[in-house]
Amino acid sequence: MLDIKTVRDQTEIIVAALKKRGENTELLERLLKLENERRDILQIVENNRQTRNSLSQEIGKLKKEGKDAEEALTQAKAVSDEISAQENTLRDLEAKAMQLLLMFPNITHESVKEGRDESDNTEIRVWGSKPEFSFEPKNHWDIGEDLDILDFERAGKISGARFVISKGAGARLERALINFMLNLHTKENGYTEILPPVLVNRESMTGTGQLPKFEDDLFKLEEDSKGLLLIPTAEVPVTNMHRDEILLEENLPIYYAAYTPCFRREAGSYGKDTRGLIRQHQFNKVELVKFVRPEDSYNELEALTANAEEVLKRLGLCYRVVSLCTGDTGFSAAKTYDLEVWFPAQGKYREISSCSNFEDFQARRASIRFKRQGKKGTEFVHTLNGSGLAIGRTVAAILENFQQEDGSVIIPEALRHFMGIDRIVKK
RNA sequence: GGAGAGAUGGCCGAGUUGGCUGAAGGCGCUCGCCUGCUAAGCGAGUGUGCGAUGAAAGUUGCACCGAGGGUUCGAAUCCCUCUCUCUCCGCCA
């Protein structure tokens with residue numbers, strides 16, 4: 001959420017930010033108009049409340065002394081009626097202004113390149129080398145089905161399109177990846193492991209920015225089941241752990257790592273990645289979340305990205321880091337690095353992790369603040385998160401990159417301890 | 001699902017015949033004093049948000065006692081709805 005003061009007093013900053021993202025300013029004008037009305041009526045209400053309060057106090061005093069309070073009483077009643085009418089309009093205006101304010105995307109960081117879409121993103125660095133094959137590499141879904149470790153067909157029967165059943169060594173590979181990633185982040189990178197709920201309320205979804213704008217992307221339960229929503233990422237429950245809290249500076253930074261299944265409607269992605277593990281309604285992910293002091297957040301973003309990269313390095317997967325341009329940066333983020341892993345069968349890099357600094361955007365929505373040592377008042381923390389990594393896509397990358405001519409797949413060294421085997425072969 | 005109890009400031013805990021209570025008291029914390037260390041002691045201060053004023057310290061207005069409504073001139077205190085927590089019973093992994 002944007003700071004309403006900035007919107008009001010430094011409107012030009014907001015206008016410039018919206019233009020960079022390729023958004024128009026029509027909403028902004030509506031918001032400014034509402035905000036002005038809100039402030040006008042607020043002032044009137046507060047003045048009247050002051051009058052009422054002093055009259056009430058006077059009445060109390062008069063009654064205690066046994067004097068006649070008739071005159072003050074009629075006066076107070078009149079003011080009070082006025083107030084309740086004004087409070088209604090105020091409430092209405094506040095709700096409308098808030099509703100609008102929640103629709104504005106974050107302001108991107110100055111280091112983010114201006115651009116329209118992913119074609120304007122900047123490649124920052126490449127790690128590893130693409131594997132070379134003496135044969136035509138297969139798609140991961142063919143590999144998986146041939147090895148009988150992925151079953152898309154039966155998943156379609158029991159759930160529908162964009163679901164998969166992992167079986168045997170495939171299921172074990174998922175579990176191995178979860179363990180490997182969590183161990184790395186908790187034992188070596190300093191994150192605290194969290195296993196959060198995957199059903200959350202609307203406040204949580206609003207706190208991290210999924211609501212109100214992206215309701216169509218979410219799965220939700222019926223109203224008589226409390227209207228809970230399935231998380232699209234562990235970012236939601238984990239960031240909201242500290243919603244409406246005031247943290248202490250000495251407890252920052254806070255690092256959490258969470259494994260959860262994630263659920264996405266994938267509305268509007270018809271025809272995209274219809275086969276394979278890339279785009280599923282349900283997938284597993286290990287997510288990294290940080291709460292940090294504002295002055296540290298950009299260093300923390302680099303460190304977070306490095307933590308996610310370490311997973312790919314240890315798996316020996318070739319990848320590149322891409323800095324997203326303004327038009328491709330997500331709604332809540334100020335700056336995002338995508339990690340893209342090489343997929344030989346498709347002949348291209350595909351996103352496997354997205355690491356973002358949200359600055360105070362989520363903190364303001366979710367009211368996550370901190371108190372500096374020896375200083376009065378509070379400030380909003382900066383929040384960050386990144387996948388570390390998406391498990392399904394990692395499985396896909398491993399299958400494609402380490403496939404052998406005989407159809408078997410070599411297990412990366414780092415996973416063998418968890419897998420108990422060094423190769424998946426056809427039975 | 002049935003029956004009951006409760007939700008107050010960083011924590012504990014007063015306050016429920018409505019009115020100088022933003023909230024007693026204690027703990028904790030901060031600053032100062034004192035004590036050759038430690039402990040104890042003394043003094044002052046110590047919530048959040050949105051405004052006004054001021055260079056700043058500060059002064060000041062309004063709101064907030066789980067959330068939202070209502071009654072009233074006035075509510076932490078009365079009424080309604082919701083949420084959460086706890087106890088007992090039932091049911092279930």
Side-chain angles (χ1 to χ4, degrees), chain A residues 1-10 31-32 34-102 195-207 221-229 237 240-252 254 261 291 360 363-381:
Chain A
M1 184 164 70
L2 300 177
D3 180 9
I4 189 66
K5 269 188 239 166
T6 312
V7 174
R8 209 194 302 133
D9 304 332
Q10 294 164 273
L31 177 63
L32 284 171
L34 273 176
E35 175 62 10
N36 278 334
E37 289 176 44
R38 185 189 72 84
R39 281 167 59 83
D40 287 348
I41 192 102
L42 180 65
Q43 207 162 37
I44 297 170
V45 169
E46 288 200 345
N47 283 337
N48 279 335
R49 282 205 273 234
Q50 193 181 352
T51 314
R52 182 194 64 190
N53 288 349
S54 54
L55 277 171
S56 290
Q57 220 168 57
E58 201 184 310
I59 292 167
K61 209 181 287 175
L62 287 173
K63 284 202 168 173
K64 206 172 252 176
E65 293 165 1
K67 291 182 186 156
D68 176 43
E70 258 325 298
E71 195 184 330
L73 217 66
T74 27
Q75 253 185 71
K77 175 121 186 75
V79 184
S80 195
D81 287 344
E82 226 175 293
I83 290 173
S84 50
Q86 289 161 344
E87 279 179 339
N88 282 337
T89 37
L90 180 65
R91 248 201 303 272
D92 192 48
L93 284 169
E94 278 174 349
K96 278 183 182 155
M98 181 53 76
Q99 225 175 330
L100 266 183
L101 192 59
L102 288 172
L195 189 61
V198 298
L199 288 171
V200 302
N201 55 33
R202 300 187 71 86
E203 287 72 33
S204 296
M205 288 292 189
T206 307
L221 303 192
E222 301 289 340
E223 273 313 311
D224 58 7
S225 304
K226 302 185 177 185
L228 291 169
L229 302 107
N240 277 283
M241 278 171 64
H242 294 299
R243 172 150 51 86
D244 295 322
E245 290 187 11
I246 298 172
L247 306 168
L248 299 174
E249 183 181 21
E250 56 262 40
N251 294 333
L252 298 179
I254 297 172
F291 300 82
D360 64 5
R364 185 171 268 115
R365 287 180 163 240
S367 185
I368 308 169
R369 293 168 290 169
F370 79 106
K371 201 187 248 312
R372 284 194 198 267
Q373 274 167 319
K375 264 198 160 184
K376 283 198 87 157
T378 59
E379 291 174 52
F380 289 109
V381 300

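What's counted below: heavy atoms across the whole structure, side chains too, no hydrogens, waters or symmetry copies. Numbered from 1 within each chain, the chains take letters A, B, ... in sequence-line order. Just so it is clear, the model here is predicted, and its values are computed rather than measured.
In this structure, B:G25 forms a base pair with B:C12, meeting either the Watson-Crick or the G-U wobble geometry with both donor-acceptor distances under 3.5 Å. Across the strands present, B:G66 finds its partner in B:C82; the criterion is a Watson-Crick or G-U wobble pair with both atom distances under 3.5 angstrom.
Among the atoms of the strands shown, only primed sugar atoms or phosphate atoms (P, OP1, OP2) are found under 4.0 Å from some heavy atom of A:T378. Nucleic acid contact for A:R91: sugar-phosphate only, since backbone atoms but no base atoms lie under 4.0 Å from a heavy atom of the residue.
For A:R369, whose side chain is taken as the heavy atoms from C-beta onward, the closest listed nucleotide among B:C73, B:G49, B:A63 is B:G49. Among the nucleotides B:G69, B:C62, B:G74, the one closest to the side chain of A:R52 is B:G74. Which of B:A63, B:C50, B:G74 sits closest to the side chain of A:K5 comes down to B:C50. Relative to the side chain of A:L73, the nucleotides B:C73, B:G51, B:G47 differ in distance, and B:C73 lies closest. Closest contact between the side chain of A:E46 and the listed nucleotides B:G51, B:G61, B:G69 involves B:G61.
Using a 3.5 Å distance cut-off with no hydrogens or angles, the side chains of A:S367 and A:R243 do not pair a donor with an acceptor. For the residue pair A:T51 / A:N48, no side-chain donor-acceptor distance below 3.5 Å is found, with atom types taken as modelled.
Remark: the separation of the P atoms in B:U60 and B:U46 is 12 Å, to the nearest Å. Look at the P atom in both B:G61 and B:U21: the space between them is 15 Å, to the nearest Å. Rounded to the nearest Å, the gap between the C1' atom of B:U87 and that of B:C80 is 26 Å. Taking atom C1' on both B:A76 and B:G22, the two are 10 Å apart, rounded to the nearest angstrom.
Map A:R49 and A:A76 each onto its nearest nucleotide of RNA chain B; the residue landing nearer the 5' end is A:R49. Annotation: of the two residues near RNA chain B, A:A72 and A:L42, the 5′-most nearest-nucleotide partner is A:L42.
Looking at residues two or more places apart in sequence or on another chain, you find a side-chain contact (heavy atoms from CB on, under 4.5 Å) between A:M241 and A:I194, A:V238, A:Y256.
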Tabulate atom names and distances for all N/O pairs under 3.5 angstrom spanning the protein and nucleotides 15-24 of chain B.
from  : atom 1 : to    : atom 2 : distance (Å)
B:G19 : N2     : A:S56 : O      : 2.9

Between the protein and nucleotides 91-93 of chain B, are there any N/O to N/O pairs under 3.5 Å, and if so, what are the atom names and distances?
none

